[in-house]
Protein chains: 2
Amino acid sequence: MRILLIEDERELAEALSAALGKHGIVTDHTMHLADAVELTRQNLYDAILLDRRLPDGEGLSFIPQLRRTGKDTPIIVLTALNEPKERVQGLDLGSDDYLGKPFLVEELMARLRAVLRRPPNLAELKITAGRMVIDPLHLSVTVDDAPLDLPRRELLVLAALAKRKEKTVLRATLEAAVYNYEEEIQSNALDAHISRLRRRLAEAGAEVSIHNIRGVGYLLKEE
Amino acid sequence: MRILLIEDERELAEALSAALGKHGIVTDHTMHLADAVELTRQNLYDAILLDRRLPDGEGLSFIPQLRRTGKDTPIIVLTALNEPKERVQGLDLGSDDYLGKPFLVEELMARLRAVLRRPPNLAELKITAGRMVIDPLHLSVTVDDAPLDLPRRELLVLAALAKRKEKTVLRATLEAAVYNYEEEIQSNALDAHISRLRRRLAEAGAEVSIHNIRGVGYLLKEE
DNA sequence: AGCTCCGCAATGCTGCCGCAACCCTTGTGG
DNA sequence: CCACAAGGGTTGCGGCAGCATTGCGGAGCT
């Protein structure tokens, strides 16, 4: 899972990134609305966390901007402006939830889950493929109910493939599922993950196979 | 076990928190109904203790509010309003118990246990793993019927792991099981608990093992 | 006063993962 | 049928982040 955090307090942003990371969430961070517009062009994010007071304007103005482009990515507004009137204002503009600062990370996680549980994201809850069941929220994989320990990055790759099983997933999509913009990679790290994943899945008898589509991407097939 | 205390007398709240803490209960405290609604969204609590006279309204009004969201978290009303008529009122609104102030902490504990013993919490009653049996209500662990004394925090960690045995438990989840949000920790306290738990469990011959999933969390396995 | 609990921090260790070297596969043109 | 190139697969290596362990000291309890 990957989210965009639009927030101008650097410390809060870093703490949040770290905390969300513990839940297996990849976070991109920007302080400016203008950047946010660019970043959301490619439908990369499962959700957006939005501050209201930002250096280049009122955060809320971002919501209609995004909706106008036809995207219904869930938005959760994070703000110190937490009067009832302000909450209504935020929700009416099309955000999906509104959370007053300060808040508990646990609460944010719960709201994220709630917001993602709504259709059409419902499919994300559990993914099955072959003998595997993947729970992306709890970061767990089981084969025939036996837990399978996977390193974090391999797990993210697997989840991205399984979410679109039997369909080709672009290389770029996979890379986006595993890395945020600050951790650019320059080698065949992704290929290496795939290679190790294949071995582990075979050993565990998962009955799935990962195929390469030359020059395009990868594809996970049930056997 | 973790509960939410909704109570406006700070002194009483602190005393209760401390007393419950000795029984291994992690307590979050709020003085406002509005906060309580937010906090309960995450289904984090095993029970709720509710005062009636609160600065922002009658505590009882919280009960239907919570039930409407589909939660059946047990609620125990704590109040000085202890006339028979008032008791009936509280129970009819959907609380699970009604306790007049002043009361003994021991009585509260007994009522908590009673309320948690009812279905659908029944599954929580005893957890077995390896040769261990854990009773989260009485905070006891036995190995082959021999009692095993564990420090409070280690016990909370163990219970959280055992409740989801054979499944990975996120670091963040474990931290939430042991600490309330006023006691943030900054070091590897959790790791230390795990380390000491491992030694104690091995010495006691519990036949369980705690595995680390790097970058994700921990997992308790039977051997 | 003596005990345990427990957060903290220093230390050493493990294994993830990016990297790059090398090999294999596939496709194209002659 | 072969030569060549380009993309993919595999694997060992090394850096380093995350984990395990443990001693210390403060706090709380008896």
Side-chain angles (χ1 to χ4, degrees), chain A residues 14 17-19 21-24 26 139 141 148-158 161 168-172 174-175 177-203 209-220, chain B residues 14-15 17-24 26 105 139 141 148-158 161 168-172 174-175 177-180 182-203 209-220:
Chain A
E14 277 168 13
S17 278
K22 288 186 191 167
H23 290 270
V26 179
L139 289 183
V141 182
L148 174 60
D149 293 356
L150 288 182
R152 200 171 51 94
R153 300 234 124 129
E154 289 176 29
L155 203 146
L156 290 170
V157 172
L158 178 61
L161 283 169
T168 314
V169 185
L170 296 183
R171 260 192 109 79
L174 287 175
E175 281 171 9
V178 180
Y179 303 98
N180 71 27
Y181 287 117
E182 277 152 29
E183 22 185 29
E184 290 294 322
I185 52 167
Q186 299 163 9
S187 74
N188 61 346
L190 180 61
D191 305 56
H193 287 311
I194 295 273
S195 171
R196 286 164 185 147
L197 245 186
R198 286 206 255 240
R199 176 153 34 86
R200 286 194 159 103
L201 292 178
E203 277 169 11
S209 56
I210 300 176
H211 298 264
N212 171 268
I213 315 296
R214 198 157 248 259
V216 182
Y218 291 88
L219 175 152
L220 183 140
Chain B
E14 278 168 13
S17 277
L20 293 173
K22 285 183 198 155
H23 289 271
V26 179
V105 173
L139 279 186
V141 183
L148 174 61
D149 278 0
L150 288 181
R152 195 171 55 92
R153 301 232 122 130
E154 290 176 30
L155 204 143
L156 290 170
V157 173
L158 178 62
L161 284 170
T168 51
V169 184
L170 297 183
R171 262 192 107 79
L174 288 175
E175 282 170 11
V178 180
Y179 302 97
N180 71 27
E182 276 158 23
E183 25 183 29
E184 290 294 321
I185 51 168
Q186 299 163 8
S187 75
N188 60 347
L190 180 61
D191 306 55
H193 289 310
I194 295 273
S195 173
R196 287 167 184 142
L197 244 185
R198 285 206 256 241
R199 178 152 35 86
R200 286 193 159 101
L201 292 177
E203 277 168 9
S209 56
I210 300 176
H211 297 264
N212 170 268
I213 315 296
R214 197 161 255 252
V216 181
Y218 290 89
L219 176 153
L220 183 138

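Here is how names work: the chains are called A, B, and so on, in the same order as the sequence lines, proteins then strands, and each is numbered from 1.
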Minimum heavy-atom separation for B/L190 to B/R171, with atom names?
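So the two residues come closest at CD2-O, 4.1 Å.
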I need the minimum non-hydrogen distance between A/A177 and A/V26, along with the two atoms involved.
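What the structure gives for the nearest pair is O-CG2, 3.9 Å.
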Please give, in whole Å, the distance from [N] [atom2] to [X] [atom1]?
X      : N      : atom1 : atom2 : result
A/L156 : C/dC17 : CG    : C1'   : 13 Å
A/I194 : C/dC17 : CD1   : P     : 14 Å
B/Y179 : C/dC5  : OH    : C1'   : 11 Å
A/N188 : C/dC22 : CG    : C1'   : 11 Å
B/L139 : C/dC5  : CG    : P     : 14 Å
A/L174 : C/dC17 : CG    : P     : 15 Å
B/L155 : C/dC6  : CG    : C1'   : 15 Å
B/D191 : C/dG12 : CG    : C1'   : 15 Å

Applying salt bridge (Lys or Arg N to Asp or Glu O under 4.0 Å) as the test, list every pair that has at least one member in residues 193-202 of chain A; sequence neighbours left out.
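Applying salt bridge (Lys or Arg N to Asp or Glu O under 4.0 Å) to every pair that reaches into residues 193-202 of chain A, excluding sequence neighbours, yields A/E154-A/R200.
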Just checking A/R153: base, sugar-phosphate only, or nothing, at a heavy-atom cut-off of under 4.0 Å?
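Contact class for A/R153: sugar-phosphate only.
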Classify the nucleic acid contact of B/N212 as base, sugar-phosphate or nothing, counting any heavy atom under 4.0 Å across all strands shown.
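The answer is sugar-phosphate, as B/N212 gets under 4.0 Å only of primed atoms, P, OP1 or OP2.
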I'd like to know if B/R196 reaches the base of C/dG7 with its side chain, counting only an N/O donor and acceptor under 3.5 Å.
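Result: at least one qualifying N/O pair found.
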Return yes if a side-chain donor-acceptor contact under 3.5 Å exists between A/H211 and A/S209, otherwise no.
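Yes, a side-chain donor-acceptor pair sits under 3.5 Å.
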Go nucleotide by nucleotide along DNA chain D from the 5' end; which of A/V216 and B/R199 gets its closest nucleotide reached first?
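The residue closer to the strand's 5' end, by nearest nucleotide, is A/V216.
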Where each residue is assigned the nucleotide of DNA chain D containing its nearest heavy atom, which of A/I210 and B/G215 is assigned the position nearer the 5′ end?
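Nearer the 5' end of the strand: A/I210.
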Taking the axis from the first five pairs and the axis from the last five, what angle separates them in the helix from C/dA1-D/dT30 to C/dG30-D/dC1, rounded to 10 degrees?
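If I round to tens, the end axes sit 30° apart.
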Establish, with yes or no, whether the OP1 or OP2 oxygen of C/dG7 is under 4.0 angstrom from a side-chain nitrogen or oxygen of B/R152.
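Answer is no, no contact under 4.0 Å.
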B/H193 side chain N/O closer than 4.0 Å to the phosphate oxygens (OP1, OP2) of C/dG7?
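Result: yes.
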Side-chain contact test, heavy atoms from C-beta onward, threshold under 4.5 Å: evaluate it for [X] versus [Y] and give yes or no.
X      : Y      : answer
B/T168 : A/V141 : no
A/L161 : A/Y218 : yes
A/I210 : A/L219 : no
A/L150 : A/L197 : yes
A/V157 : A/L155 : no

Short side-chain to backbone donor-acceptor contact, B/R152 and B/G21, under 3.5 Å
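Side chain of B/R152 to backbone of B/G21, a donor-acceptor pair under 3.5 Å: yes, one is there.
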Tell me which of B/R214 and A/E154 sits closer to the 5' end of DNA chain C, going by the nucleotide each one is nearest to.
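In this pair, the answer is B/R214.
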Taking any atom under 4.0 angstrom from a heavy atom of chain B, which nucleotides of DNA chain D are the first and last to qualify, 5' to 3'?
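In short, chain B contacts DNA chain D from D/dA17 to D/dC29.
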